[in-house]
Amino acid sequence: MGLELHNTLTRSKDEFKPLKKGVVGMYVCGPTVYGHAHLGHAKSYVSFDILVRYLRYLGYQVTYVQNITDVGHLTDDADEGEDKLEVAAKEEKKHPMALAEYYTHSYFEDMDKLNCVRPDISPRASGHIVEQIELVKTLLEKDYAYEVNGSVYFDVSKFKEYGKLSGRNVEDMQTGTRVEVSPDKKNAVDFALWKKAEANHIMQWPSPWGMGYPGWHLECSAMSMKYLGKTIDIHGGGIENQFPHHECEIAQSEAANDVEFVRYWIHNNMVTVDNQKMGKSLNNFITLKQAFSGSHERLTRHYDPLAVRQLILNSHYRSTLDFSDAALFAAQSGYEKITQAVKSVRTNMNTASAGDADEEIIKELSQLKEKFEAAMNDDLNTSIALSVIFELVRLANKLTEDTSVTLETYKAVEELFDKLAGDVLGVVVDEYPQSGGGSDDEMVAKLVDGLIERRNDARERKDFAAADAIRDNLTEIGIILEDTAEGTAWRRK
RNA sequence: GGCGGCGUGGCCAAGUGGACUAAGGCGACGGUUUGCAAAACCGUUAUUCAUGGGUUCGAAUCCCAUCGCCGCCUCCA
């Protein structure tokens, strides 16, 4: 049984078969860069990162495109909306482009820490105005769009399949519209492809319809088309974008190209914090930088970025995930357990004896691998996949207590950790620094090593009072000592 | 008003008709180990899946009702 993915378009789990054998084109709606990334971004992009990693694990050649929205968009389709990049720029007294640049860097920095693979292409909306204008022209030529006062709208009544993704019908929405309808529109559900800019609008570009800026659904259609072709295999995004954003993308793209736009629509669910929607006004809005440093009043400590990642993998991407300090704390402990096991295996490899691998162990490993793949094939059940990693941890920990285990056996265990927990889940890395990184680390390491030496002297003299005093001191500042058969190891709490 | 989701042990969370006498993690407790710890290992911690009916040989899983929580419909991952 191959990979099955839940496709929003069909509302069922469909076997994944790319258009071209062995090759996958995947587009994911990226962030609007007007602020630091938060926990919601983490869930979304870690989820899609898992999909990319797993497809590559299965041998697909994946082209992963994720846009950067650096063109602010109106808060609604009517004229009174404000451009959020411009709003943020005014607050910070910077040019919108400087702001976009700053938060783009910040975004990549956070995603790197979460061990998300970089997209192959990160196209900026502002760099694709030409393509977007071309798309609007095509839609006008094909009579799917109309121009009014320098703005261009998509005529939803012309696209019969509008609503097929979100399961809405146009009549229902006509009556239920809560926002004020722009008088320029023929129908309330019509959406802007191009908006005329007022003189004070900073970000604007020349177009056949005058100075303006692209509508907020347009960039994804234009850029996915440019880099992945008219039909793409996978389009991912947050569930809140299912409507209207993705519905509109389908309308624009299929009207322009007369072919199916996306074969598999994948939507991930939202995040809550302490069981409430995360929002700035609720004081439960937590950025990734705050989570990594522990600088938020709802957090009792700092959390390892990979522990945040692990918490995300602990639940399914289509379930809502509640971030709480307790949940993060549990994930941190679990993450450390995996890390410890991997480190022990690697350490023991240095001293293990030569000899063939244990056949029983090899058999167990291949069973774990099968279980892992079956879970991932079932719409990316990372929760079960992660439980397999914990089984592997237990197996590894038992081995490291046995001195007769051979190097070949350890190699097989380590390889499975690297492939499943490393390449696919991304919670195991190749190198673990002794501590969190930073310029003082080497000095800290030397200091701790020195103290360990003095403590061991005291222990040899049976002066346990002195020995314990040293250890207690270190514990107080967050350094944990562990006496093992090979000597005393230490780690940061 | 329209659409959708959820409610599983102290906490997080899989499972969605029969191998469920319900994974896994965290926490807690007991044991092994240790000079004492830490880590690790072994064991214990839900006869029960919001509640009440029903369908079925069989339900956490399907249907109905009730209660509670949440999301989308306006930018948002």
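Here is the naming used below: chain letters follow the sequence lines, and residue numbers restart at 1 for every chain.
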* Using the P atom in both, what is the distance from B:A50 to B:U16, to the nearest Å? -> 15 Å

* To do: Indicate, with a heavy-atom threshold strictly under 4.0 Å, whether A:I480 touches base, sugar-phosphate, or nothing.
  => sugar-phosphate

* Asked: Partner of B:U74 by Watson-Crick or G-U wobble geometry, both contacts under 3.5 Å, or none?
  -> none

* Structure fact -> Picking from B:A77, B:G24, B:C73, the nucleotide nearest the side-chain atoms of A:S387 would be B:G24

* Asked: Looking only at atom C1', what distance separates B:U66 and B:A13, rounded to whole Å?
  -> 27 Å

* **Test item: A:S151 side-chain N/O and A:K196 main-chain N/O as donor-acceptor pair under 3.5 Å** => yes

* Asked: Does OP1 or OP2 of B:G35 have a side-chain N or O of A:R461 closer than 4.0 Å?
  -> no

* **Pairwise side-chain contact, A:W194 with A:Y153, heavy-atom cut-off 4.5 Å (strictly under)** => no

* **Under 4.0 angstrom between A:K343 side-chain N/O and B:A39 OP1 or OP2** => no

* Asked: NA contact type, A:N241, heavy-atom cut-off 4.0 Å: base, sugar-phosphate, or nothing?
  -> sugar-phosphate

* Base, sugar-phosphate alone, or nothing: which one does A:G334 contact when heavy atoms must sit under 4.0 Å apart? -> sugar-phosphate

* Asked: B:C3 C1' sits how many Å from A:Q242 CD, rounded?
  -> 10 Å

* To do: Among the candidates B:G24, B:G35, B:C72, find the nucleotide nearest to the side-chain atoms of A:M270.
  => B:C72

* Asked: What distance, rounded to whole Å, do you find between the two C1' atoms, one in B:G18 and one in B:U61?
  -> 11 Å

* Contact class for A:K462 vs. all strands (heavy atom < 4.0 Å): base, sugar-phosphate, or nothing? -> nothing

* Asked: Do other residues, nucleotides or ligands put more than 12 heavy atoms under 6.0 Å from the CZ atom of A:R301?
  -> yes

* **Pairwise P distance for B:U21 and B:C26, with rounding to whole Å** => 26 Å

* Of the candidate nucleotides B:A39, B:A23, B:A77, which contains the atom at the shortest distance from the side chain of A:K371? -> B:A23

* Treat primed atoms plus P, OP1 and OP2 as sugar-phosphate and everything else as base, then score nucleotides 8-15 of chain B 5' to 3': B for base contact with protein heavy atoms under 4.0 Å, S for sugar-phosphate contact only, - for none. => ----BSSS

* Asked: For B:G5, does OP1 or OP2 lie under 4.0 Å from any side-chain N or O of A:N269?
  -> no

* **ring pair (Phe, Tyr, Trp, His ring centres under 6.0 Å) against A:H6, all qualifying residues, sequence neighbours excluded** => none

* Does B:A46 pair with anything, Watson-Crick or G-U wobble, both distances under 3.5 Å, and if so, with which nucleotide? -> none

* To do: Indicate, yes or no, whether a donor-acceptor pair under 3.5 Å links the base of B:G5 to the side chain of A:R318.
  => no

* With A:R459 as the cation and A:F464 as the aromatic partner, state whether NZ or CZ is under 6.0 Å from the six-membered ring centre and within 45° of the axis. => no

* To do: Tell me which nucleotide among B:C72, B:C26, B:A38 gets nearest to the side chain of A:E240.
  => B:C72

* Asked: Heavy atoms, side chains only, cut-off 4.5 Å: are A:R124 and A:T69 in contact?
  -> no

* Asked: Are any of A:K337's side-chain N or O atoms less than 4.0 Å away from OP1 or OP2 of B:G24?
  -> no

* Both distances under 3.5 Å, Watson-Crick or G-U wobble: report the partner of B:C67, or none. => B:G7

* 5′-ward residue of the pair A:S166/A:R471 relative to RNA chain B -> A:S166

* Partner of A:Y317 by side-chain hydrogen bond (donor to acceptor under 3.5 Å, both in side chains), out of A:N381, A:N269, A:D379, A:N268 -> A:D379

* With both distances under 3.5 Å as the test, what is the Watson-Crick or G-U wobble partner of B:G35? -> none

* From the list B:A40, B:C26, B:A37, which nucleotide is the closest neighbour of the side chain of A:N397? -> B:A40

* To do: Could you please name the option among B:G25, B:G35, B:A77 that lies closest to any side-chain atom of A:H38?
  => B:A77

* To do: Calculate the interatomic distance between A:L395 atom CG and B:G24 atom C1'; express it in whole Å.
  => 16 Å

* With both distances under 3.5 angstrom, what nucleotide forms a Watson-Crick or G-U wobble pair with B:G58? -> none

* For B:A19, glycosidic torsion class - syn if within 90° of 0, otherwise anti -> syn

* Asked: Across the strands shown, which category fits A:V28 at heavy-atom distances under 4.0 angstrom: base, sugar-phosphate, nothing?
  -> nothing

* To do: Verify whether the ring centers belonging to A:F292 and A:H302 lie closer than 6.0 Å.
  => no

* To do: Would you indicate what A:F48 reaches in the nucleic acid, counting non-hydrogen atoms under 4.0 angstrom: base, sugar-phosphate, or nothing?
  => nothing

* Structure fact -> Against the side chain of A:Y45, the closest entry in B:C42, B:G35, B:A77 is B:A77

* For A:Y102, is the NZ or CZ atom of A:K94 found under 6.0 angstrom from the centre of its six-membered ring and inside 45 degrees of the ring axis? -> yes

* Do we count A:F464 as stacking onto B:G35 if the rule is ring centres under 5.5 Å and planes under 30°? -> yes

* Asked: Can a donor-acceptor pair be found between the side chains of A:S122 and A:Q66 at a distance below 3.5 Å?
  -> no

* To do: Looking at every strand, decide which applies to A:K43 at a 4.0 Å heavy-atom threshold: base, sugar-phosphate, or nothing.
  => nothing

* Using both distances under 3.5 Å as the test, list the Watson-Crick or G-U wobble partner of B:G24, or none. => B:C12

* Identity of whatever pairs with B:A19 - Watson-Crick or G-U, under 3.5 angstrom -> none

* Asked: What nucleotide, of B:C76, B:C36, B:G24, holds the atom closest to the side chain of A:K277?
  -> B:C76

